Amino acid sequence: MMKTAIIKKLREKGLKLTSQRRVIIDVLVDKTPVHPSAALIYREARKKAKRLSLSTVYATLNEFSRQGIIKMLEFDQAENRYEANMTEHINLVCKNCNKILDYKVPIAIDQRKVAKKTGFSITDTRLEYYGLCRECRKEKKAWSNKVAIP
């Protein structure tokens, strides 16, 4: 479903669906739950397309992002990550392991109303919550239980 939507958007924008782009899309969609970095997409895509270069992966991801086909998530202290989920959602970012989880927004914000009321032209949205994922919380709890406090 997500792969079909990306290919449709690609064609709507007049971009060609090359074999390299297809492999990059395949990996991006397959790895969507982890919000892959360009390096991860490159490593996985090279398994299917041996002649693919890292610069081609970066150029493709940047083009897809500029065209609004995918989202690029930029972070101050970490490598950029990419996601194909273009629906409105919250990114839950673990400050320990850097995992990013999607959480569906229970109440949609009407961007048209916001734009009309404020006169602000909205081009993109991104909402993030930072904290610890379930696994890191369990690990932290297990570690603190092992530490003897005098």
Side-chain angles (χ1 to χ4, degrees), residues 1-116 118-140 143:
M1 174 84 172
M2 208 178 301
K3 192 181 301 185
T4 307
I6 291 173
I7 292 170
K8 182 181 177 193
K9 286 181 188 175
L10 193 73
R11 290 188 173 133
E12 286 172 359
K13 301 285 184 177
L15 300 172
K16 291 182 182 177
L17 181 60
T18 65
S19 60
Q20 292 179 324
R21 286 179 174 172
R22 184 177 292 279
V23 170
I24 291 168
I25 291 167
D26 288 345
V27 173
L28 179 62
V29 170
D30 291 345
K31 299 292 181 184
T32 285
V34 295
H35 298 71
S37 65
L40 175 62
I41 293 170
Y42 170 71
R43 282 194 306 273
E44 293 297 315
R46 286 276 302 198
K47 294 175 184 176
K48 297 177 183 178
K50 299 292 183 199
R51 297 186 61 166
L52 183 68
S53 71
L54 182 58
S55 62
T56 298
V57 171
Y58 274 109
T60 300
L61 294 171
N62 286 332
E63 180 67 20
F64 287 2
S65 177
R66 269 196 312 278
Q67 295 290 336
I69 297 169
I70 65 170
K71 281 188 180 179
M72 176 174 54
L73 307 176
E74 297 178 86
F75 298 99
D76 291 338
Q77 306 279 324
E79 187 175 11
N80 291 348
R81 306 279 278 278
Y82 299 88
E83 70 175 334
N85 181 0
M86 298 298 281
T87 63
E88 202 168 319
H89 66 277
I90 299 169
N91 287 315
L92 306 174
V93 182
C94 180
K95 293 172 81 173
N96 186 54
C97 69
N98 295 321
K99 183 187 310 178
I100 303 172
L101 304 168
D102 288 346
Y103 181 78
K104 188 175 186 251
V105 178
I107 300 171
I109 298 169
D110 188 341
Q111 293 180 5
R112 291 176 304 210
K113 284 183 181 178
V114 173
K116 187 175 180 179
T118 64
F120 190 81
S121 175
I122 300 169
T123 59
D124 194 21
T125 60
R126 181 172 153 185
L127 184 58
E128 297 166 348
Y129 290 172
Y130 290 84
L132 296 176
C133 68
R134 181 172 295 164
E135 291 80 18
C136 289
R137 283 183 41 235
K138 285 180 185 176
E139 187 178 296
K140 187 175 182 176
W143 182 83

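Atoms considered below: every heavy atom in the structure, side chains included; atoms not considered: hydrogens, waters and symmetry mates. A quick note: this is a predicted structure, and the numbers were derived from the prediction, not measured. For this chain, numbers begin at 1 and follow the sequence in order.
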Inset, instruction - State, to 0.1 Å, how close Leu52 and Ala45 come at their nearest heavy-atom pair, and which atoms those are. - result: CD2-CB, 3.4 Å

Legend entry - Residues Asn85 and His35: side-chain donor-acceptor under 3.5 angstrom: no

Legend entry - Trace of the side-chain contact (heavy atoms from CB on, under 4.5 Å) decision for Asn91 with Asp102: CA-CA 5 Å; Asn91 287 315; Asp102 288 346; 3.0 Å; yes

Legend entry - For Val23 against Ala49, the heavy-atom pair lying closest together: CG2-CB, 4.2 Å

Inset, instruction - Evaluate whether atom CZ of Arg126 has more than 12 neighbouring non-hydrogen atoms of other residues, nucleotides or ligands under 6.0 angstrom away. - result: yes

Legend entry - Spacing of CZ belonging to Arg46 relative to CZ belonging to Arg51, to within rounding of 0.5 Å: 10.5 Å

Inset, instruction - State whether the number of non-hydrogen atoms from other residues, nucleotides or ligands found under 6.0 Å of Phe75 atom CZ is greater than 12. - result: yes

Inset, instruction - For the pair Lys13 (side chain) and Gln67 (backbone), establish whether a donor and an acceptor sit closer than 3.5 Å, ignoring hydrogens and angles. - result: yes

Legend entry - Test item: Glu88 and Leu127 side chains (from C-beta on) under 4.5 Å apart, heavy atoms: no

Legend entry - Spatial distance of atom CG (Asp30) from atom CD1 (Ile25) [nearest 0.5 Å]: 11.5 Å

Legend entry - Gln111 CD to Ile122 CD1 distance, which is reported to the nearest 0.5 Å: 5.0 Å

Legend entry - Contact check, side chains of Phe64 and Arg21, non-hydrogen atoms, under 4.5 Å: yes

Inset, instruction - Please tell me if the side chains of Leu15 and Ile69 come closer than 4.5 Å, counting only heavy atoms from C-beta onward. - result: yes

Inset, instruction - Taking the side chain as every heavy atom from C-beta outward, state whether Tyr42 and Val27 have any pair of such atoms under 4.5 Å apart. - result: no

Legend entry - Nearest-0.5 Å distance, NZ of residue Lys95 to SG of residue Cys97: 13.0 Å

Legend entry - Minimal non-hydrogen separation, Gly68 against Met86, with atom names: O-CE, 3.3 Å

Legend entry - pair Thr125-Ile109: side-chain heavy atoms closer than 4.5 Å: no

Legend entry - Student check: side-chain heavy atoms of Asn80 and Leu73 closer than 4.5 Å: no

Legend entry - Pairwise distance OG1(Thr60) to CD1(Ile41) - rounded to 0.5 angstrom: 10.0 Å

Inset, instruction - Mind checking the CG-CG spacing from Leu92 to Leu132? Nearest 0.5 Å is all I need. - result: 12.0 Å

Inset, instruction - Please report the shortest heavy-atom distance between Cys133 and Cys94, naming the atom on each side. - result: N-SG, 3.3 Å

Inset, instruction - Look at Glu63 together with Arg66 and state whether they make a salt bridge at an N to O cut-off of under 4.0 Å. - result: yes

Legend entry - Basic-acidic side-chain contact under 4.0 Å: Glu83, Arg81: no

Inset, instruction - Check the surroundings of atom OH in Tyr130: do more than 12 heavy atoms from other residues, nucleotides or ligands lie under 6.0 Å from it? - result: yes

Legend entry - Within-4.5 Å side-chain heavy-atom neighbours: Leu61 and Met72: no

Inset, instruction - Over all heavy atoms of both residues, which pair between Met2 and Ala84 is shortest? Give the atoms and the distance, please. - result: SD-CB, 3.3 Å

Legend entry - Side-chain heavy-atom pair Ile24, Tyr82 within 4.5 angstrom cut-off: no

